[in-house]
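In what follows, a single structure is set out as structure tokens and then discussed.
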Amino acid sequence: MTMQLSLNPLVRELHVCSKGFNLLTFTNKILYMKIATYNVNGVNGRLPVLLRWLQESMPDIVCLQELKAPQEKFPLQDIENAGYKAIWHGQKSWNGVAILSRGEAPQEIRRVLPGDPEDLHSRYIEAKVNGLTIGCLYLPNGNPAPGPKFDYKLRWFERLTKHAAELYRSGERVILTGDYNVMPTELDVYKPERWVDDALFRPETRAAFHKLLEQGWTDAIRKLYPGEVIYTFWDYFRNAYGRNAGLRIDHFLLSADVDKDLVIAGVDKFVRGWEKTSDHAPVWIELKDA
DNA sequence: ATGGCAGATGTTATCTGA
């Protein structure tokens with residue numbers, strides 16, 4: 001017996017009906033998987049917002065950035081109570097990344113981006129989950145630019161690009177997602193002329209992102225919404241969210257055999273309107289027939 | 001062009017973010 005899932009409202013209905021199960025399955029076959037990324041800007045301060053969003057959005061896999069919590073202060077009990085297994089790499093005050101899964105526990109592959117033993121920032125964690133290799137990343141901001149922080153950003157980008165090439169060649173189904181701190185094109189930034197000298201938009205930064213894409217990766221949001229203004233970040237100043245003065249800096253990069261299963265994607269922009277919210281909104285994709 | 005806001009640390013402010 002088979003069931004064809006062609007319409008997303010049907011998928012959503014089945015997903016709600018399957019509450020309590022780790023993955024939506026039918027005759028033991030995975031029909032649908034939702035994967036999200038969310039820069040929470042402080043996982044403990046953001047906990048009520050994070051838990052509310054998890055309950056409403058019900059992603060199967062979640063990548064978090066900017067935990068801003070040491071390893072021992074990760075709110076594991078609350079995350080588990082919400083139905084998720086988790087691995088994370090914390091750091092006092094800043095950075096910090098995590099991978100959550102409603103299905104099998106994420107099997108950690110690495111928690112450091114290769115290439116610089118002296119880089120102690122918690123900005124990368126990678127795991128195998130549900131047959132996917134998930135790289136969760138928080139690329140350095142790089143401001144002020146030029147300067148040592150910008151140099152660090154570009155070096156980190158080079159390490160990511162080198163590692164991404166190996167992942168792409170591995171033949172695994174790979175997703176590299178997180179806060180890239182890059183607006184890839186002028187379409188991805190409100191008033192681009194004001195950002196040309198910023199570390200998130202400088203020519204070197206955009207060139208690094210495009211060089212990464214040239215390995216074959218698909219920018220999932222841009223593929224599904226070509227030409228549309230879509231933002232994932234609005235700063236806390238000057239009513240940026242109310243004016244939709246945002247940036248698109250949180251991205252999903254998919255290897256070719258993940259891209260072929262891409263059904264839909266979106267930004268949970270409404271979360272940015274909640275009280276005590278992050279300056280980023282969650283971004284998600286949905287894959288069919290893994 | 002500037003400074004505005006927010007989180008963490010742990011002070012009566014500093015650092016960082018984007």
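To find a chain, count down the sequence lines: A is the first, B the second, and so on, and within it residues start at 1. Keep in mind that what you see is a predicted model, and the values were worked out from it rather than measured.
Taking atom C1' on both nucleotides, B:dA18 is separated from B:dG7 by 14 Å, rounded to a whole Å.
When the P atom of B:dA8 is taken as reference, atom CD of A:Gln65 falls 16 Å away, rounded to whole Å. If you take CZ of A:Phe233 and P of B:dG7, they are 13 Å apart, rounded to a whole angstrom. At whole-Å resolution of the value, CG in A:Leu247 and P in B:dA18 are 10 Å apart. Computed from coordinates, the A:Arg194 CZ to B:dG4 P distance equals 16 Å when rounded to whole Å.
Under 4.0 angstrom from either OP1 or OP2 of B:dT16 there lies no side-chain N or O belonging to A:Tyr152. At the phosphate of B:dG17, neither OP1 nor OP2 sits under 4.0 Å from any side-chain N or O atom of A:Lys68. Note on A:Lys92: a side-chain N or O is less than 4.0 Å away from OP1 or OP2 of B:dG10. Look at A:Lys149 and you'll find a side-chain N or O under 4.0 angstrom from OP1 or OP2 of B:dG17. For the OP1/OP2 pair of B:dA18 and a distance below 4.0 Å, the side-chain nitrogens and oxygens of A:His280 include at least one atom meeting the criterion. Proximity of A:Asn95 to the phosphate of B:dT16: no side-chain N or O atom is located under 4.0 Å from OP1 or OP2.
Each of B:dA6, B:dA18, B:dT16 was ranked by its minimum atom distance to the side chain of A:Trp94; first place goes to B:dT16.
In this structure, A:Phe201 has its ring center no closer than 6.0 Å to that of A:Trp195.
Each of A:Pro140 and A:Asn44 has a nearest nucleotide on DNA chain B; the 5'-most of these lies closest to A:Asn44.
Of the charged side-chain nitrogens involved, at least one lies within less than 4.0 Å of a carboxylate oxygen, so that A:Asp188 and A:Arg222 count as a salt-bridged pair. Remark: A:Lys162 does not engage A:Glu166 in a salt bridge, criterion side-chain N to carboxylate O under 4.0 Å. Between A:Glu204 and A:Arg202, at least one side-chain nitrogen of the basic residue sits less than 4.0 Å from a carboxylate oxygen of the acidic one, meeting the salt-bridge criterion.
In this structure, A:Phe252 and A:Asp219 have side chains that are not in contact, with every pair of non-hydrogen atoms separated by 4.5 Å or more.
Side-chain atoms of A:Asn141 come within donor-acceptor range of the base of B:dA18, with a qualifying N/O pair under 3.5 Å.
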